[in-house]
Amino acid sequence: MVKQSDRLPIGYPERRRVLAGLGGLALGAMLPTATAAKARPLISIGFTPAFVHDQYALLEDWRRYMERRLDMAVVFKQHDSYRETMDLLRLRKMDFAWVSDYPFLALKDRVRLVAVPLYKGQPLYRSYIIVPIGNRQAAGLKDLKNTVFAYADPLSNSGYLYPRFAIHTMGANPQTYFRKTFFTWSHKKVVEAVALGLAQGGAVDSYVWESLERIDPELTRLTRIVQRSPEYGFPPFVAQRDVSPALLLRMRDLLLTMHQDAEGIALLKRINLDGFIKGDLHLYDAVAEMMRTFGEAGAS
Amino acid sequence: MRLHDLSFRYKIPIWGSLLIVLSVAVASAALMFEAYEDLKEDVRISAEGLGGTLAITLFPYLLHDDIWHAFEQINAAVHDRMPGNPVQAETIFVVSPLRQVIVSTSPKKLPMLADLDSLGPDYVELAHALVQRSPGKLAIHDFSSTHRHFYVFPIQQEYAQVGTLVLAYSKDVFLPRFRDLAWHGALIGFLVLAVLLPINWYWGRHLALPLVDLARRMDKAVRGGEKEAPRASYPYRDELGELFLAYDAMQSEMREKALLEREILQSERLTAIGRLASGIAHEVNNPLGGMLMALDTLRERGDLSPQVAKTMGMLERGLRQIQGTAAALLVQTRDQSRPLTQQDLEDVRTLIHPQVVKKSQRFDWRAALPESGTPPAAACRQILINLLLNAVQATVEEGRISVVLEPSEGGLRLLVINTAEPIPAQHLEHLFEPFVSGREGGHGLGLWVTYQIVKQLQGHIAATCEQGEVRFEVWLPLEKTP
């Protein structure tokens, strides 16, 4: 369990004073400015490697956009694993988060769906099985037996759950199918691991791979997609259970109307999304089904 | 021609140059070696710092089998690698206790789970060394047969070793760096050579040229070639200067010796000629006396026809001439002669004076006689008159004749100098021989007689000719006073 205080940046003297004043609503949040924080309520939003979360300039622009539209102080928190974000949501130390479908289902009782991104006009994405470009023979997971395989995150659908389910469906045991597996804790790093040849195969979010193809084509060019999963519900934007319905609605409204102003459109373009919709829990039924297969928690 | 036979003019600069080149090469090589060792030391320090840190940070990742984070750790250490930087590791990898690759920064060359033994000779050597090494200690493996240095660090805490970190440094990277070093070293070397070699060349020649000069002079002196100027051009007082001095001394000694030899030769020749001449004169004189006596006897009879008398007259004149010549060859000093006085000198001066006046010549006369023991008067008068008559004859009109008489070195020095055409050298050598005449009409006995008289008085005579002056110098010993 990661201690909250361990994550705080050093040398931020105003921090504790402000946090005390806010009654711990957003404990440990990074503050944009001390004066703004005093004047306005503060919300924190967690980002996971469900998308290319190390585009810091983009995130900062998006954060400022949200601050302006909500008239609130907004703090973005990036974490390198789903687990950390999930823990913060569970502990109610985070108001909103963009999480993958799997954590969403795992936290089903503790979070509420805010919005689902629209990618290529659909609230859907897939898992891609990729291999290094040098491997010309492999046509899918069936050809990757006894190789070194890179998973994204143990709490990822596209980067962990789906490939194991697919192997299971082939009648093999996912525990022993590969010679060795490891987690990179990020979809982007799965692509890096496969591109570098560290792993002979990997499972990656189709949205991440395709976004990377735009941002860093040199990297994706070193990999080849050999298998595409069925479509699943896109990683959703969720609210922690204690967030007031009013705030949830304001956030949902912001997301759903982003595509209506120029700045929002520009941001969406950079995020590589078309917009957001309210979404539906049934989008995630297929994931829940797979989770049940492995007896995973939250798949009730 | 062999190298050792070369002239010092080349040999000294060449040897000097060779020494300089050798010194510069050795110095450069030493510097390069030092730089190379420094480079290796830099690599060692860098590797030990990096490896030590990595071994600590990798421990938890390996403990939890977190391959990706382990990879990110080691990859950061070689990321943004500058090509050709020898202080940066080529590859970093972690091997399991079973010597399988757990993770490496070059997964294509060193794939995960590959046995070290299967990765080529370098790694086989490494695997072999890893089996033998005592666990838990830092080790450096620099196999001479491999292309890489390996720095090996245990990844452990409190005896729990989870793997071994290996930093591989390519030796090939050293080579271009070393080439750079060598190139710089060589460049500096060439600069030093460019300065030193011309200096050496100049200095070498400067040293060699006097030697060469001396050798050439010696060679000529030995072969008896033309005479060199006695002083050679070497102004310093070192060993070479001493050689030059010795050479000069030898040279002048040789010249003196040659001069002496020539004088002895001449003297011997003159003696031989004198003996021959007086012998012939004696042989001629005896019958001559008889013949003249017979002519006298014949004439005393009186009954001679004018024809016979005329013939007899002719015969007698002829015989008298022969007698005169023979007498002249038979030089005899009169033992009973009195010593020379100032009056004798005045007489000679008076005798000569009209002839000098006739040719408008300047006549300097300086005479000082020793107080006693002056040589015999008759001999001295004859010598003086002979030499002065010669001088008056040889001197052009309005020329100058000087006479000096003075005591010198226990004798009397007698000097007759006149301005005249120079006497040719070959003529000068035979000057005192009979019948050698410098002018038309002379019978060439004057100097011969003079020479004979001087010799009989145990003096010496010399003739020199320089700067338009002919100079006869006579020295006669003083008579021992009883």
Side-chain angles (χ1 to χ4, degrees), chain A residues 1-2 6 49 54 79-84 130-136 138 144-156 159-160 175-204 216 218-219 222-224, chain B residues 54 56-81 83 88-120 123 155 162-168:
Chain A
M1 177 86 184
V2 178
D6 290 346
D54 55 2
H79 293 292
D80 274 349
S81 75
Y82 289 130
R83 169 63 63 191
E84 286 171 78
I130 56 172
V131 296
I133 192 71
N135 183 348
R136 292 170 193 285
L144 293 175
K145 193 171 166 59
N146 282 327
T147 60
V148 176
F149 195 85
Y151 291 127
D153 191 296
L155 295 174
S156 161
Y160 186 57
Q175 299 290 347
T176 57
Y177 187 72
F178 297 114
R179 187 160 176 229
K180 169 128 190 127
T181 62
F182 62 90
F183 295 105
T184 66
W185 311 103
S186 143
H187 288 280
K188 183 187 174 187
K189 287 173 181 174
V190 168
V191 182
E192 286 175 9
V194 174
L196 287 169
L198 195 64
Q200 279 105 56
V204 64
D216 189 0
E218 297 291 323
L219 179 64
L222 295 171
T223 62
R224 185 169 65 89
Chain B
L54 277 179
I56 293 166
T57 53
L58 283 173
F59 181 81
Y61 296 130
L62 292 183
L63 198 64
H64 300 129
D65 198 25
D66 190 345
I67 299 299
W68 178 257
H69 277 133
F71 172 76
E72 283 190 326
Q73 287 293 324
I74 59 173
N75 199 42
V78 294
H79 197 60
D80 293 330
R81 196 163 188 280
Q88 241 171 358
E90 179 198 47
T91 318
I92 301 177
F93 57 98
V94 178
V95 291
S96 70
L98 296 172
R99 289 173 300 286
Q100 278 186 336
V101 175
I102 296 176
V103 65
S104 83
T105 55
S106 304
K108 281 171 188 161
K109 278 187 222 157
L110 304 175
M112 214 178 284
L113 302 177
D115 282 321
L116 270 190
D117 290 335
S118 66
L119 294 171
Y123 299 97
I155 303 172
V162 291
T164 305
L165 172 71
V166 182
L167 273 59

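By convention in this document, chain letters (A, B, ...) are assigned in the order of the sequence lines, proteins followed by strands, and residues within each chain are numbered from 1. Model, not experiment: these values are computed from the prediction.
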(request) Name all pairs fulfilling the ring pair (Phe, Tyr, Trp, His ring centres under 6.0 Å) condition that reach into residues 90-109 of chain B, sequence neighbours left out, sorted by first residue then second. (result)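 Of all non-adjacent pairs touching residues 90-109 of chain B, those that pass ring pair (Phe, Tyr, Trp, His ring centres under 6.0 Å) are B/Phe93-B/Tyr123.
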
(request) Would you list the pairs meeting salt bridge (Lys or Arg N to Asp or Glu O under 4.0 Å) in which at least one residue belongs to residues 91-104 of chain B, sequence neighbours left out? (result)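 Non-adjacent pairs meeting salt bridge (Lys or Arg N to Asp or Glu O under 4.0 Å): zero.
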
Any donor-acceptor pairs between chain A and chain B, under 3.5 Å? If so, list them.
unit_1, atom_1, unit_2, atom_2, d
B/Asp65, OD1, A/Lys180, NZ, 2.8
B/Asp65, OD2, A/Lys180, NZ, 3.0
B/Asp66, OD1, A/Trp185, NE1, 3.3
B/Glu72, OE2, A/Lys189, NZ, 2.9
B/Leu113, O, A/Arg179, NH2, 3.3

